[in-house]
Amino acid sequence: MHAADLDYRARTLTGCIPPLLVSRLLELGHEREVEFQAGRGEWFCALEWARLLGHQGQREQALEVLAPYIATNWWPAAQARAELLEGWGRVEEAIALSRPYAEAGDRLALVFFARLLARHDRSGEDSCCCVTGSRTGSSPSVWSTSPKRPTWMRKRRPCWRSG
């Protein structure tokens with residue numbers, strides 16, 4: 001199992017059991033099939049199986065289902081685990097899990113991490129990680145004046161300042 005392969009399958013829904021089918025299987029009572037497919041590496045089955053286990057109070061087993069995906073350093077798996085942890089009131093663990101992805105500059109992880117902190121009134125805690133540059137190292141000041149950004153998104157300088 002590799003992060004690139006997981007990402008491709010999840011984005012294109014090819015070579016995998018799609019999420020709508022997984023939901024339908026669960027609706028029709030085929031939990032054992034979803035569990036079996038989750039064990040075979042089907043991401044959407046693993047995700048729904050982990051959620052189901054969490055709802056049934058089997059939280060540690062739910063986290064174990066996601067463990068092989070987390071081991072690949074694939075952000076969607078880490079995000080799913082962080083969401084479960086947050087839902088169970090284990091916010092510190094969710095923050096600790098999400099922080100390295102945000103610090104690495106993954107944009108989706110940055111957004112999730114910032115919102116996670118904000119939901120728990122800790123938005124000022126790690127602002128340095130959330131305003132660092134993108135993966136290419138560009139700084140927010142470069143983003144704000146980039147000609148590729150629409151003019152309404154660029155910083156406006158007060159008229160009394162020159163330069």
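All values below were derived from every heavy atom in this structure, side-chain atoms included, with hydrogens, water molecules and symmetry-related copies excluded. Just so it is clear, the model here is predicted, and its values are computed rather than measured.
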K.L.:
Kindly give the heavy-atom pair with the smallest separation between Y8 and T14, and that separation in Å.
P.N.:
CE2-OG1, 3.3 Å
K.L.:
Over 60° means perpendicular and under 30° means parallel, so tell me whether W75 and F112 are parallel, tilted or perpendicular.
P.N.:
perpendicular
K.L.:
Could you tell me if the side chain of L63 sits less than 4.5 Å from the side chain of L85, heavy atoms only?
P.N.:
yes
K.L.:
Heavy atoms, side chains only, cut-off 4.5 Å: are P19 and L13 in contact?
P.N.:
yes
K.L.:
More than 12 heavy atoms of other residues, nucleotides or ligands under 6.0 Å from CZ of R11: yes or no?
P.N.:
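Buried by this count: over 12 neighbours within 6.0 Å.
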K.L.:
Same cluster for L26 and L21 if Ile/Leu/Val/Met/Phe/Trp/Tyr side chains link at under 4.5 Å?
P.N.:
yes
K.L.:
Between E42 (side chain) and I17 (backbone), is there a donor-acceptor pair under 3.5 Å?
P.N.:
yes
K.L.:
At their closest point, which heavy atom of C45 faces which heavy atom of Q37, and how far apart are they?
P.N.:
SG-CB, 3.6 Å
K.L.:
How close do A50 and A62 get, heavy atom to heavy atom, and via which atoms?
P.N.:
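Result for this residue pair: O-CB, 3.2 Å.
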K.L.:
Identify the two heavy atoms, one from A109 and one from Y101, that lie closest to each other, and give their separation to 0.1 Å.
P.N.:
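The answer is CB-CB, 3.6 Å.
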K.L.:
Calculate, to the nearest 0.5 Å, the distance between atoms CG and CG belonging to L25 and L20 respectively.
P.N.:
11.0 Å
K.L.:
Does E83 pair with R119 as a salt bridge, N-O distance under 4.0 Å?
P.N.:
no
K.L.:
What's the shortest heavy-atom distance between A80 and L47, and which atoms?
P.N.:
CB-CD1, 3.5 Å
K.L.:
Please determine whether residues L117 and L108 belong to a single hydrophobic cluster, defined as Ile, Leu, Val, Met, Phe, Trp and Tyr linked transitively by side-chain heavy-atom distances below 4.5 Å.
P.N.:
yes
K.L.:
Rounded to the nearest 0.5 Å, what separation is found between the CG atom of L97 and the CZ atom of R81?
P.N.:
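It comes to 6.5 Å.
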K.L.:
Do W49 and V22 come within less than 4.5 Å of each other through their side chains, counting heavy atoms only?
P.N.:
no
K.L.:
Which atom pair, heavy atoms only, marks the closest approach of G41 to Y69?
P.N.:
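For G41 and Y69, the tightest heavy-atom pair comes out as C-OH, 3.1 Å.
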K.L.:
First locate atom CD1 of I95, then atom CZ of R90, and finally report the distance between them rounded to the nearest 0.5 Å.
P.N.:
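It comes to 13.5 Å.
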K.L.:
Between CG of L66 and CH2 of W43, what distance do you get to the nearest 0.5 Å?
P.N.:
5.5 Å
K.L.:
Measure the CZ-NE2 distance between F36 and H30 for me, rounded to the nearest 0.5 Å.
P.N.:
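Answer rounded to 0.5 Å: 15.0 Å.
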K.L.:
Could you please spell out the steps behind the side chain to side chain contact (heavy atoms under 4.5 Å, CB included) verdict for E31 and L52?
P.N.:
CA-CA 9 Å; E31 290 91 4; L52 182 65; 3.8 Å; yes
K.L.:
State, yes or no, whether a side-chain contact exists between R51 and L84 at a heavy-atom distance under 4.5 Å.
P.N.:
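Answer yes - side chains close enough.
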